[in-house]
Trainee: 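This is the structure, below, for whatever I ask next.
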Amino acid sequence: MQRHRQVAAAPQRRASETWDAIAELVVATLDRSPHIVASDVTAAMAAASTVGRVLVAGGHLDKHALVLVADPVYLNITTVSGVSATNLDEDLGPVPGGATSTDWTIHLPTPDPVGDAVRSAVSGVPHLSANEPPGESTSKSAMSEQASVLNLDALAQRAQERK
Amino acid sequence: MSPTSTSVSTYTRTQTATYLTDVVMGAIADILSDLKIDVTVLYRDWKQDEAAIAAWIEEGSLQQVVLECHQPNGTVAPIIEFPVAYTETGKGNATFTADRAALARYRAKLERVPSGTTYGLICTFRKARTPQTGWGPTTRASTDGLKSLKFGTLGSAPHAAVSMRYLH
């Protein structure tokens, strides 16, 4: 179930506040599942917060999505900065599908020059990954070649949802 | 004469401070990562430093943020300055811009530093400031003998802009 959520960053929120909003979105989505303990999700997002703030402040999450894979949920989260953030129509409500999720992984992007820091931060932390998320191999290949960062399938799905 | 209408967005000093703080903190994190300098303390103190810099920009007291790289042999270089220029009256309909692409290209030209180099963050002020947690008096390293290169404007917002200067 492809979804894409955009979170307003600066000037609406500081980097740390933006990360907190992202964490709340992930926790709220997975909290609907009886198989997932919310405190585990909170702990994982807290462990990632140090690099998460850096990804936000550097504008990296504007281009490189954080991906929550929790079948049937496949959620791309990006940030929006600048003037666009001031009039963004945010939807930070729980993403549908989380109620039936059992396993989950949060994939953090590893853009230069902070990729090593991200890999170090997630190393050994349950449910965090610095690897490419599974699936969507066609669009992922395109992303690599074009240095694009948005999941095009997710955007297409979002457009379909709005129709 | 046909009727016309205009739409002018107005932004607050808080938004300017929030935006420019992100630009500066993000640039510092990227530069230190590029130079392979340990960022553990930067990450640990992020919320505290972010809050301080934002408060000082919002009140207009911050003159510049200075990033000093302390090499194991005692040399302090490079030094990277982020001066803040204020628009006293504000530009209510100005926009928020950050030249991160240019910064990425610029970072590639930075001279490497030896392993074991550490860093220090220093703020200087143009007028009285509000005390902030974790920040106390210190002195800057000398910049005598260092060459200065101007990057230009790194980010701008309705009430202020921040530029960057590289001393090496």
Side-chain angles (χ1 to χ4, degrees), chain A residues 7-23 45-64 78-88 108-123 125 128 130 147-149, chain B residues 7 9-55 57-58 93-101 103-104 107-108 110 155-160:
Chain A
V7 179
Q12 293 306 93
R13 296 185 180 95
R14 295 175 187 170
S16 56
E17 295 168 337
T18 304
W19 182 259
D20 290 346
I22 293 170
M45 293 304 288
S49 65
T50 52
V51 288
R53 297 170 195 143
V54 172
L55 287 169
V56 173
H60 301 295
L61 275 185
D62 284 4
K63 300 177 181 177
H64 304 264
T78 54
T79 51
V80 176
S81 303
V83 171
S84 299
T86 66
N87 52 28
L88 179 66
L108 295 172
T110 56
D112 284 334
V114 296
D116 287 347
V118 173
R119 282 183 278 271
S120 174
V122 307
S123 178
V125 180
L128 293 183
S148 176
V149 286
Chain B
S7 174
S9 298
T10 56
Y11 302 105
T12 65
R13 283 187 178 278
T14 301
Q15 288 176 305
T16 289
T18 298
Y19 188 75
L20 294 182
T21 298
D22 254 26
V23 169
V24 171
M25 294 284 289
I28 289 171
D30 282 357
I31 288 168
L32 291 176
S33 297
D34 248 347
L35 294 177
K36 309 294 185 192
I37 294 175
D38 186 356
V39 289
T40 303
V41 175
L42 179 76
Y43 286 18
R44 184 198 67 196
D45 294 344
W46 186 280
K47 291 181 82 168
Q48 165 185 289
D49 296 345
E50 174 189 66
I53 292 170
I57 292 177
E58 184 169 353
N93 60 347
T95 188
F96 298 88
T97 62
D99 203 347
R100 291 189 168 106
L103 176 63
R107 286 198 326 264
L110 299 182
S156 63
H159 305 87

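Basis for what follows: all heavy atoms, side chains included, without hydrogens, waters or symmetry-related copies. Quantities reported herein were computed from a predicted structural model and do not represent experimental measurements. A, B, ... follow the sequence lines: proteins, then strands. Residue 1 opens every chain.
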Trainee: If I measure from the heavy atoms of chain A, does Ala51(B) come under 4.5 Å with its side chain, its backbone, both, or neither?
Mentor: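 Both backbone and side chain of Ala51(B) come within 4.5 Å of chain A.
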
Trainee: Using modelled atom types only, decide if a donor and an acceptor are shared between the side chain of Glu50(B) and the backbone of Ala15(A) within a distance under 3.5 Å.
Mentor: yes

Trainee: Nearest 0.5 Å, what's the CG-CZ distance between Asp22(B) and Arg14(A)?
Mentor: 9.5 Å

Trainee: Of all the heavy-atom pairs spanning Pro113(A) and Arg107(B), show the shortest one and how long it is.
Mentor: CD-NH2, 3.2 Å

Trainee: Closest heavy-atom contact between Tyr43(B) and Ala117(A)?
Mentor: OH-CB, 3.4 Å

Trainee: Going by residue number, which parts of residues 49-56 of chain A are within reach of chain B, meaning a heavy-atom gap below 4.5 Å?
Mentor: Thr50(A), Val51(A), Arg53(A), Val54(A), Val56(A)

Trainee: Among Asn87(A), Thr86(A), Asp116(A), who wins on heavy-atom pairs under 4.5 Å with chain B?
Mentor: Thr86(A)

Trainee: Count the heavy-atom pairs under 4.5 Å between each of Lys47(B), Lys36(B), Met25(B) and chain A, then report the option with the highest count.
Mentor: Lys47(B)

Trainee: How close do Ala57(A) and Trp46(B) get, counting heavy atoms only, and between which atoms?
Mentor: CB-CZ2, 3.4 Å

